[in-house]
Amino acid sequence: MILKTLDDLLGEGVSGRRVFVRADLNVPFDKANPGVISDDGRARAVLPTLIALRDAGAKVIVASHLGRPKGAPDPKFTLAPVATRLGELLGSDVIFAEDTVGADAQAKVEALADGQVLLLENLRFNEGETSKDDAVRGAFADELATFADYYVDDAFGAVHRKHASVYDVAARLPHYAGGLVVKEVEVLRKVSETPEKPYVVVLGGSKVSDKLAVIQALLPKVDKLLVGGGMCFTFLKAQGFEVGKSLLEDEMVSVCADLLEQAQGRIVLPVDVVAATEFSADAQHDVVEASAIPADRLGLDIGPKSTELFASAIAGAKTVFWNGPMGVFELAPFAAGTRGVAEAITKIDGFSVVGGGDSAAAVRTLGLDETAFGHISTGGGASLEYLEGKTLPGVSALEK
Ligand code: 3PG
Ligand code: MG
């Protein structure tokens, strides 16, 4: 990777200079307590970059998206609580701009003192951020670029998005990769180009269609591909089983059948599941054979025999990549599969990578030891697209 890094920038000296940092502060919130961040892992992951710039005397302007607002301000998606949390983590105040490029942002950027950190309001409150029209995105990028002398991208979770703050601002300012982006790309390159064998991939999450490209890319490289989560039911159906009211992508059944045939036994499916009467923590639920899911039940987790089966496949691996929970881990009765698989991954004598959003959040919400994993990625979609072999706009923008 030929790109300049944060260390290069720090070497050039940033005292008194304005540095725009694109971060991925798209953190999950507690569904029961609005405004309360349920997992601040993404904020913590960008701290080293912010601290280094702050301590070097830069005027630090941080920008991020949060959720998917529709190109206009929407209080549900304000970054205000994230500014507060970031300030606590940094141990110094984070000034918050109530808009992204408007009067408040302009005034606060103007007033920044050396070593101060400012967070702009949600980038996606502006239609230019995600626009498919290069000119519209470019006009927004022009406004963002006027704020700073330098651009640092440390938003690994968003590098697969061709968005103004990810792609276009880089073209307008001297640009550098933050430490998080450098580390993530390095780990993913290792896992995709030279994985030590046996190589086991564990995939979960709800949709096969979201994972199809990565399955196709990985299948030739892996020794075992373990499939859990909502997506396993489409595979079980392809194996000839009825799946009751479980998540099912009908149009993907024949694709799954082809993959099973092509994999010749290397795709491992659950042999039992936790089947519930409804999607609720209070629902009646029982462990049933994967071949005997009752018509009025939906599978919300893999069962104990499957967890054991997956754990034994993981045990001998030298490399494990895991993306996607095995069940609805947010609800206590359906967390055991994800926990069991995660624990098995922590025990391998090899290198493990937790790819992304939900699985990374699962590691932390289940209280597992983060340091027991080789690497916990901050990017779900981004790490999958990397493994698919796609070009990541955010990374290519830095290479130019
Ligand atoms: C993520 O959560 O995957 C990243 O922050 C990117 O968000 P997006 O999928 O809404 O672009
Ligand atoms: Mg996402």
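Each ligand, and each atom within it, is numbered from 1 in the order the structure gives. Note that the structure is a prediction, hence the values are computed from the model and not measured.
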Which atoms from ligand 1 have a heavy atom of [X] less than 4.0 Å away?
X	result
Arg161	8 (P), 9 (O), 11 (O)
Arg68	8 (P), 9 (O), 10 (O)
Arg124	7 (O), 8 (P), 10 (O), 11 (O)
Asn26	1 (C), 2 (O), 4 (C), 5 (O), 7 (O)
Asp24	4 (C), 5 (O)

For this session: Say whether Leu173 and Val166 are linked into one hydrophobic cluster, either directly or through other cluster members, by side-chain heavy-atom distances under 4.5 angstrom.
Result: no

For this session: Spell out, yes or no, whether Val201 and Leu188 are grouped together once hydrophobic residues are joined by side-chain heavy atoms under 4.5 Å, including indirect joins.
Result: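 The answer is yes; both residues are in one hydrophobic cluster.
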
For this session: Hey, can you tell me if His285 and Phe334 have their rings parallel, tilted or perpendicular (30° and 60° cut-offs)?
Result: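 The arrangement is perpendicular - the two ring planes meet at more than 60°.
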
Exercise. Between Glu184 and Ser377, is any side-chain donor less than 3.5 angstrom from a side-chain acceptor?
Worked result: yes

Exercise. Do Lys305 and Asp272 meet the salt-bridge criterion of a basic N to acidic O distance under 4.0 Å?
Worked result: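 No.
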
Exercise. Do any nitrogen or oxygen atoms of Arg42 lie less than 3.5 angstrom from nitrogen or oxygen atoms of ligand 1?
Worked result: yes

Exercise. Does ligand 1 have an atom under 4.0 Å from some heavy atom of Gly157?
Worked result: yes

Exercise. So, does His65 sit close enough to ligand 1 that a heavy atom of it is under 4.0 Å from the ligand?
Worked result: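 Yes, that is the case, since the closest heavy atom of the residue is under 4.0 Å from the ligand.
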
For this session: Mind checking the CD1-CG spacing from Ile95 to Leu119? Nearest 0.5 Å is all I need.
Result: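 If I round to the nearest 0.5 Å, the distance is 10.5 Å.
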
